[in-house]
Amino acid sequence: MTNYDYLIVGAGLFGAVFAHEAKKAGKSCLVIDKRNHKGGNIFCEEVDGIHVHKYGAHIFHTDNKEVWNYVNSFVEFNRYTNSPVAYHNGKLYNLPFNMNTFYQLWGVTTPTEAKAKIEEQRAEYAHITQPANLEEQALTLCGKDIYERLIKGYTEKQWGRKATELPAFIIRRLPFRFTFDNNYFNDAYQGIPIGGYNALTDALLDGIEVRLNTDFFKEKAELGHVANKILFTGCIDEFFGYRCGHLEYRSLRFEEKRLDIENFQGNAVINYTGTDVPYTRVIEHKHFEYGKQPHTVVTYEYPDSFAPGKEPYYPVNDSKNNSVYEEYRKLARQHAANTLFGGRLAQYTYSDMDDTVASALELFKKENS
Ligand code: FAD
Ligand code: UDP
């Protein structure tokens, strides 16, 4: 017996936006999630008044005015601007690569001096005309100093492979900024929801039935028939019983500490770009929201291999995995009459939150056109 217009598998951002639009259009929805909370990877846990980003630091940034207005219609955003700092061998460097970084690296004080220095650094690798791997690509783009201090260690830790064994395409472009501007993003709009990301999720899912601790695959016999249509936002290879093979991911492990000090590192995000420590980032959550608490919470982020039971964080979009995904996409098209697929896991893509919102809005529009 069908009770709902839509069964939405996954209470993450994609599922929540789709459910909200469906409800607004008069459709009935049941949202399920196998986790014990809503929000998917944007979920925050409140620890002594601090919103802790449980699945990695999330900063909302976008150039898409429609998406920005959309999320702001649910929750107000603060003026947080992401300006991570990189730690390497006892020294700190501003990111992204800008005049502050060039001054810290070489003591250059003008854009002309900085450009000349980068050209000099690149010239050493002018003989590499067709970079065969990430290391060669980075050296030809920015030279030895930036590569060795700010890229090599971080990238090798992040992907668990030597830079000489990573494909060049990962860093086809390395943006240099010849101004003293530490804003990590170029987008027009940026911020953190006031009250944390759960305020956004709760507003999107307001008045919609949500069942937590409910795994679609464990209750498929019943759930497969409760709605006219299913929107699936989980792993696409799992949906099809891995019949075209397993898609590869890179995972992360988070180590959280509550400290009885007011300010641990003076910034929300510090990247550790050397191989002297195994983690890539340390997040101090209170700084996303200008917290004034006498205590603090920090999270050490360790890249990790992926295996069943671990969280699939980063898709490995190399040609092998992309062609496996293509097979699943063909299968998904054959199911289009009663099952929709959306979100980062079902589309096997690394999409930021703004793209996720845009893509959920687009899917709903398409459904109703
Ligand atoms: P998810 O949030 O993963 O939601 C999918 C949900 O489906 C999950 O809750 C899962 O439990 C549920 N599910 C899966 N399978 C089943 C099943 N069988 N039964 C029931 N439920 C199921 N974006 C930015 O814009 N800025 C950032 O700073 C940023 N930082 C990031 C940092 C990290 C470490 C990562 C990994 C991502 C980051 N992102 C960032 C991207 C952002 O997390 C995504 O755009 C967004 O969360 C995707 O939402 P989603 O709904 O597609 O997926
Ligand atoms: N990166 C790097 N040094 C840094 C930060 C990033 O070399 O300090 C590289 C690394 O290869 C990483 C990629 O840039 O995988 C993308 O990093 P970004 O911070 O944009 O992505 P995120 O992991 O936050 O999605």
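We number each residue from 1, following the sequence as shown. Numbering of ligands and ligand atoms starts at 1, following listing order. Reckoned from all heavy atoms, side chains included, excluding hydrogens, waters and symmetry mates.
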**Fill in**
protein heavy-atom neighbour closest to atom 30 (N) of ligand 1 works out as Ala57 O, 3.0 Å
**Asked** Do Phe178 and Phe102 have their ring centres less than 6.0 Å from each other?
**Response** yes
**Prompt:** From atom 13 (C) of ligand 2, is the closest protein heavy-atom distance below 4.0 Å?
**Reply:** no
**Message:** With respect to Gly343, determine whether any N or O atom, backbone or side chain, lies less than 3.5 Å from an N or O atom of ligand 1.
**Reply:** no
**Prompt:** Passes side chain to side chain donor-acceptor pair (under 3.5 Å), Asn198 versus Glu46? Steps please.
**Reply:** CA-CA 10 Å; Asn198 297 359; Glu46 193 173 319; over 6 Å; no
**Asked** Taking a hydrophobic cluster as the set of Ile, Leu, Val, Met, Phe, Trp and Tyr residues connected by side-chain heavy atoms closer than 4.5 Å, whether directly or through intermediates, do Ile42 and Phe288 fall within one such cluster?
**Response** yes
**Request:** Identify, by atom number and element, the atoms of ligand 1 in contact range of Phe217, meaning under 4.0 Å from any of its heavy atoms.
**Result:** 18 (N)
**Request:** Answer yes when Glu255 and Arg253 have at least one side-chain N-carboxylate O distance shorter than 4.0 Å, and no when they do not.
**Result:** yes
**Item:** Sub-4.0 Å heavy-atom approach of Thr214 to ligand 1
**Value:** yes
**Request:** Before accepting this row, confirm whether a basic side-chain N of the pair Glu256/Lys54 lies closer than 4.0 Å to the acidic partner's carboxylate O.
**Result:** yes
**Asked** Ile42 to ligand 1: N or O pair under 3.5 Å?
**Response** no
**Of the listed options His53, His58, Met353, closest to atom 38 (C) of ligand 1 (non-hydrogen atoms)** = His58
**Prompt:** Tell me: protein heavy atom nearest atom 49 (O) of ligand 1, and distance?
**Reply:** Thr356 CG2, 3.7 Å
**Prompt:** Between Asp63 and Lys65, is the closest basic N to carboxylate O distance under 4.0 Å?
**Reply:** no
**Asked** Which residue owns the protein heavy atom closest to atom 36 (C) of ligand 1, what's the atom, and how far is it?
**Response** Tyr313 CD2, 3.4 Å
**Request:** Would you please indicate if the ring centroids of His53 and His285 are separated by under 6.0 Å?
**Result:** yes
**Asked** In terms of side-chain geometry, is the basic nitrogen of Glu362 or Lys365 positioned less than 4.0 Å from the acidic oxygen of its partner?
**Response** no
**Request:** Using distance alone, determine whether Arg344 and ligand 1 share an N or O pair under 3.5 Å.
**Result:** yes
**Message:** Using a 4.0 Å cutoff against the non-hydrogen atoms of Gln158, which atoms of ligand 2 qualify?
**Reply:** 15 (O)
**Fill in**
One finds that the ligand 2 atoms under 4.0 Å from a non-hydrogen atom of Leu95 are 8 (O)
**Separation of Leu247 CG from Lys320 NZ (nearest 0.5 Å)** = 9.5 Å
**Asked** Nearest to atom 51 (O) of ligand 1, what protein heavy atom do you find, and at what distance?
**Response** Phe14 N, 3.0 Å
**Complete:** min-distance protein heavy atom vs atom 28 (O) of ligand 1 -> Ile59 N, 2.8 Å
**Prompt:** Side chains of Gln293 and Asp48: does their closest heavy-atom pair fall under 4.5 Å?
**Reply:** no
**Prompt:** Charged N to carboxylate O under 4.0 angstrom, Lys38 versus Asp33?
**Reply:** no
**Asked** Purely on distance, is any nitrogen or oxygen of Tyr154 under 3.5 Å from one on ligand 2?
**Response** no
**Asked** Just by distance, with hydrogens left out, do Asn82 and Tyr80 show a side-chain donor and acceptor under 3.5 Å apart?
**Response** yes
**Asked** Among protein heavy atoms, which sits nearest to atom 14 (C) of ligand 1, and what does the distance come to when rounded to 0.1 Å?
**Response** Gly234 CA, 3.6 Å
**Minimum-distance protein heavy atom relative to atom 17 (O) of ligand 2** = Tyr184 OH, 4.1 Å
**Message:** For atom 8 (C) of ligand 1, tell me which residue out of Asp354, Val9, Asp33 has the closest non-hydrogen atom.
**Reply:** Asp33
**Prompt:** Within the structure, does Leu150 bring an N/O atom to less than 3.5 angstrom of an N/O atom in ligand 2?
**Reply:** yes
**Asked** Which ligand 1 atoms, with their elements, are less than 4.0 angstrom from a heavy-atom of Tyr314?
**Response** 34 (C)
**Prompt:** Which residue supplies the protein heavy atom nearest to atom 8 (O) of ligand 2, what is that atom called, and how far is it?
**Reply:** Asn271 ND2, 3.0 Å
**Request:** Run the contact test for Arg281 against ligand 2 with a 4.0 Å cut-off on heavy atoms, strictly below, and give the result.
**Result:** yes
**Prompt:** Picking from Phe239, Tyr328, Phe341, Tyr249, what satisfies ring pair (Phe, Tyr, Trp, His ring centres under 6.0 Å) with Tyr348?
**Reply:** Tyr249
**Asked** How does Tyr55 reach ligand 1, if at all, at less than 4.0 Å between non-hydrogen atoms: by side chain, backbone, both, or neither?
**Response** backbone
**Request:** Measure the spacing between CG of Asp206 and OG1 of Thr201 and express it to the nearest 0.5 Å.
**Result:** 12.0 Å
**Request:** Using the ring pair (Phe, Tyr, Trp, His ring centres under 6.0 Å) rule, pick out the option among Phe217, Tyr6, Phe18 that qualifies with Phe232.
**Result:** Phe217
**Within-shell test, Phe60 vs ligand 1, heavy atom, strictly < 4.0 Å** = no
**Request:** Quick one: sort the Tyr197 and His58 rings into parallel, tilted or perpendicular, breaks at 30° and 60°.
**Result:** perpendicular
**Prompt:** Is it the case that more than 12 heavy atoms not belonging to Lys310 sit under 6.0 Å from its NZ atom?
**Reply:** yes
**Request:** Taking atom 4 (C) of ligand 2 as the reference point, report whether a protein heavy atom occurs under 4.0 Å from it.
**Result:** yes
**Prompt:** What are the atoms of ligand 1, with element, lying closer than 4.0 Å to any heavy atom of Gly10?
**Reply:** 6 (C), 7 (O), 12 (C)
**Check: Asp181/Asn183 side-chain N/O donor and acceptor closer than 3.5 Å** = no
**Request:** Quick one: look at Thr273 and ligand 2, take heavy-atom pairs under 4.0 Å, and tell me if it's side chain, backbone, both or neither.
**Result:** side chain
**Asked** Should the proximity of Asn41 to ligand 1, defined as any heavy atom under 4.0 Å, be assigned to the side chain, the backbone, both, or neither?
**Response** both
**Request:** Over all heavy atoms of both residues, which pair between Arg177 and Asn182 is shortest? Give the atoms and the distance, please.
**Result:** NH1-C, 4.3 Å
**Prompt:** Is Ser351 close to ligand 1, meaning an N/O of one under 3.5 Å from an N/O of the other?
**Reply:** yes
**Prompt:** Nearest protein heavy atom to atom 25 (O) of ligand 2, by residue and atom, and its distance?
**Reply:** Tyr350 OH, 2.9 Å
**Residue, atom name and distance, where the atom is the protein heavy atom closest to atom 10 (C) of ligand 2** = Thr155 OG1, 3.4 Å
**Asked** What residue and heavy atom of the protein are closest to atom 22 (P) of ligand 2, and at what distance?
**Response** Tyr314 OH, 3.8 Å
**Distance from atom 4 (O) of ligand 1 to nearest protein heavy atom, with residue and atom** = Gly12 CA, 3.5 Å
**Message:** With heavy-atom distances below 4.0 Å as the criterion, list the atoms of ligand 1 near Leu252.
**Reply:** 34 (C)
**Request:** Compute the centroid of each ring, for Tyr184 and then for His61, and state whether the two points are separated by less than 6.0 Å.
**Result:** no
**Fill in**
dist Ile59:CD1 -> Met353:CE (nearest 0.5 Å) comes out at 7.0 Å
**Asked** Nearest to atom 15 (O) of ligand 2, what protein heavy atom do you find, and at what distance?
**Response** Trp159 NE1, 3.2 Å
**Item:** atom 22 (C) of ligand 1 [closest protein heavy-atom partner, distance rounded to 0.1 Å]
**Value:** Lys34 CG, 3.8 Å
**Fill in**
Closest heavy-atom approach to atom 18 (N) of ligand 1 among Asp215, Thr349, Thr201, Thr62 is made by Asp215
**Asked** Is there a nitrogen or oxygen of Ala11 sitting under 3.5 Å from a nitrogen or oxygen of ligand 1?
**Response** no
